[in-house]
Protein chains: 2
Amino acid sequence: MKISSRFTIAVHILLLISIERNTRCTSEYIADSVNTNPVIIRKVMGKLKNAGMIIIHRGPGGAELLKPLVQITLLDIYRAVEVVEEGELFQIHNDPNPNCAVGANIQGVLELILLKAQDAMETILDEVTMEELVTVFSKKIG
Amino acid sequence: MKISSRFTIAVHILLLISIERNTRCTSEYIADSVNTNPVIIRKVMGKLKNAGMIIIHRGPGGAELLKPLVQITLLDIYRAVEVVEEGELFQIHNDPNPNCAVGANIQGVLELILLKAQDAMETILDEVTMEELVTVFSKKIG
DNA sequence: TGTAGTTGTAACTGTTTTGGTTACAACTAA
DNA sequence: TTAGTTGTAACCAAAACAGTTACAACTACA
């Protein structure tokens with residue numbers, strides 16, 4: 001099981017838009033950097049648009065940020081591309097036998113712990129902003 | 001995307017074996033409590049056996065714990081049933097364009113953060129032992 | 001020594017997700 | 001008007017998941 005690469009592709013897209021301000025970032029241009037199909041890029045960008053992060057220009061193509069980089073965390077992107085449903089990282093087996101002491105109580109007991117685990121993971125994502133990522137990249141690129 | 005219910009099924013199995021010490025926990029008996037097919041149970045139990053957590057009796061059926069409950073954490077079980085590969089919770093898109101500044105560096109930068117996020121999640125699982133879970137259940141059951 | 005009951009495993013099914021592709025209508029700046 | 005782009009539908013192949021049937025191999029016990 002892996003969390004879909006839609007998430008890292010979305011980060012890639014936002015980085016390109018943020019760093020290459022002078023380039024018209026069309027789906028084709030971005031697809032070449034990500035190394036995938038332009039349609040994949042358009043689908044992901046559509047989700048970023050729905051989340052209010054970017055505006056996409058239809059005729060001439062390209063996109064721009066709608067929010068300051070500091071206000072976009074990795075968690076925001078993760079949510080925007082819907083790679084993991086809220087509170088449902090772990091699939092708990094459904095319909096355990098309610099006539100069994102274990103079956104009747106396991107869902108409630110595990111849910112608490114598993115939500116906590118998911119939350120710990122998502123908190124790390126929430127602590128990283130696109131601002132920080134762009135800074136790291138700017139230094140690398142020089 | 002969801003982490004396979006193999007994980008919570010494995011916890012369910014270990015709880016049954018731990019709590020119903022006087023019952024011969026065959027795959028059929030357990031399947032009735034989990035509410036699934038006995039073959040599913042046998043497959044998961046096979047993994048718990050491979051991890052050295054239980055011993056399974058072939059002829060008469062049933063299984064017993066091989067480790068003290070304190071020495072089995074939820075992380076141990078999660079690893080035993082192989083629901084998420086080590087350090088690969090997040091799928092990073094492969095082959096980004098190395099001729100692009102973003103494409104050439106994104107993997108390295110993201111990997112660090114995503115490993116940290118995965119680790120935070122798994123740490124929570126590591127903090128819960130089967131001993132604690134059994135205690136919670138014993139109180140509920142009374 | 002049979003035999004009943006159980007495990008281990010192979011082989012198959014249907015469903016969902018993922019990543020990718022082709023095709024094309026709708027849009028817009030030049 | 002048109003060239004280039006977006007948005008979307010409609011596919012495809014591969015993998016993962018959960019489930020099921022079938023059956024050989026095993027073992028306690030009558």
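Only a predicted model underlies this, so the values are computations on that prediction, with no experimental measurement involved. Reckoned from all heavy atoms, side chains included, excluding hydrogens, waters and symmetry mates. Lettering follows sequence order; numbering is per chain, from 1.
Residues Val84(B) and Leu89(B) come closest through the heavy atom pair CG1-CA, 3.8 Å.
For residues 81-132 of chain B, the ring pair (Phe, Tyr, Trp, His ring centres under 6.0 Å) pairs, not counting sequence neighbours, are Phe7(A)-Phe90(B), His12(A)-His93(B). Sorted by first and then second residue, the ring pair (Phe, Tyr, Trp, His ring centres under 6.0 Å) pairs involving residues 20-57 of chain A (not counting sequence neighbours) form an empty list. Residue pairs meeting the ring pair (Phe, Tyr, Trp, His ring centres under 6.0 Å) criterion with at least one member in residues 114-142 of chain A, sequence neighbours excluded, do not occur. Here salt bridge (Lys or Arg N to Asp or Glu O under 4.0 Å) pairs that include residues 37-63 of chain A, with residues two or more places apart or in two chains, are Lys47(A)-Glu82(A). Sequence neighbours left out, the pairs with a member in residues 97-122 of chain B that pass salt bridge (Lys or Arg N to Asp or Glu O under 4.0 Å) are Arg79(B)-Glu122(B).
Chain A approaches DNA chain D within less than 4.0 angstrom (heavy atoms of the protein), and the contacting nucleotides run 5' to 3' from dG4(D) to dC17(D).
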Please write out each protein N/O paired with an N/O of nucleotides 15-17 of chain C under 3.5 Å, distance rounded to 0.1 Å.
none

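End-to-end axis angle for the helix from dT1(C)-dA30(D) to dA30(C)-dT1(D), using five pairs per end and rounding to 10°, comes out at 10°.
As a member of the Ile/Leu/Val/Met/Phe/Trp/Tyr network built from side-chain separations under 4.5 Å, Ile55(A) groups with Leu66(A).
Of the residues in residues 53-64 of chain B, those placing a heavy atom less than 4.0 Å from an atom of DNA chain C are Ile56(B), His57(B), Arg58(B), Gly59(B), Pro60(B), Gly61(B), Gly62(B), in numerical order. Using a 4.0 Å cutoff on non-hydrogen atoms, the parts of residues 16-45 of chain A near DNA chain D are Arg24(A), Thr26(A), Ser27(A), Val39(A), Arg42(A), Lys43(A), ordered by number.
Side chain of Ser33(B) to main chain of Ile30(B): no donor-acceptor pair is present (N/O by atom type, distance under 3.5 Å, no hydrogens or angles). Using modelled atom types, no side-chain atom of Asp32(B) and backbone atom of Glu28(B) make a donor-acceptor pair closer than 3.5 Å. The backbone N or O of Asn94(A) sits nowhere less than 3.5 Å from a side-chain atom of Gln107(A) that would complete a donor-acceptor pair. One N or O on the side chain of Thr73(B) and one on the backbone of Asp76(B) form a donor-acceptor pair closer than 3.5 Å.
Leu74(A) and Ile124(A) fall into different hydrophobic clusters, where Ile, Leu, Val, Met, Phe, Trp and Tyr side chains are chained together by heavy-atom contacts under 4.5 Å. There is a path of hydrophobic side-chain contacts, each under 4.5 Å, that joins Leu75(B) to Ile77(B).
Take Thr129(A) and apply the side-chain hydrogen bond (donor to acceptor under 3.5 Å, both in side chains) test, not counting sequence neighbours, and it matches Glu132(A).
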* Start with the C-alpha gap between Gln91(B) and Ile9(A), add the side-chain angles, then the distance that decides, and say whether side chain to side chain contact (heavy atoms under 4.5 Å, CB included) holds. => CA-CA 10 Å; Gln91(B) 171 80 292; Ile9(A) 290 176; over 6 Å; no
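The nearest whole Å value for the distance from the CZ atom in Phe90(B) to the P atom in dT18(C) is 14 Å.
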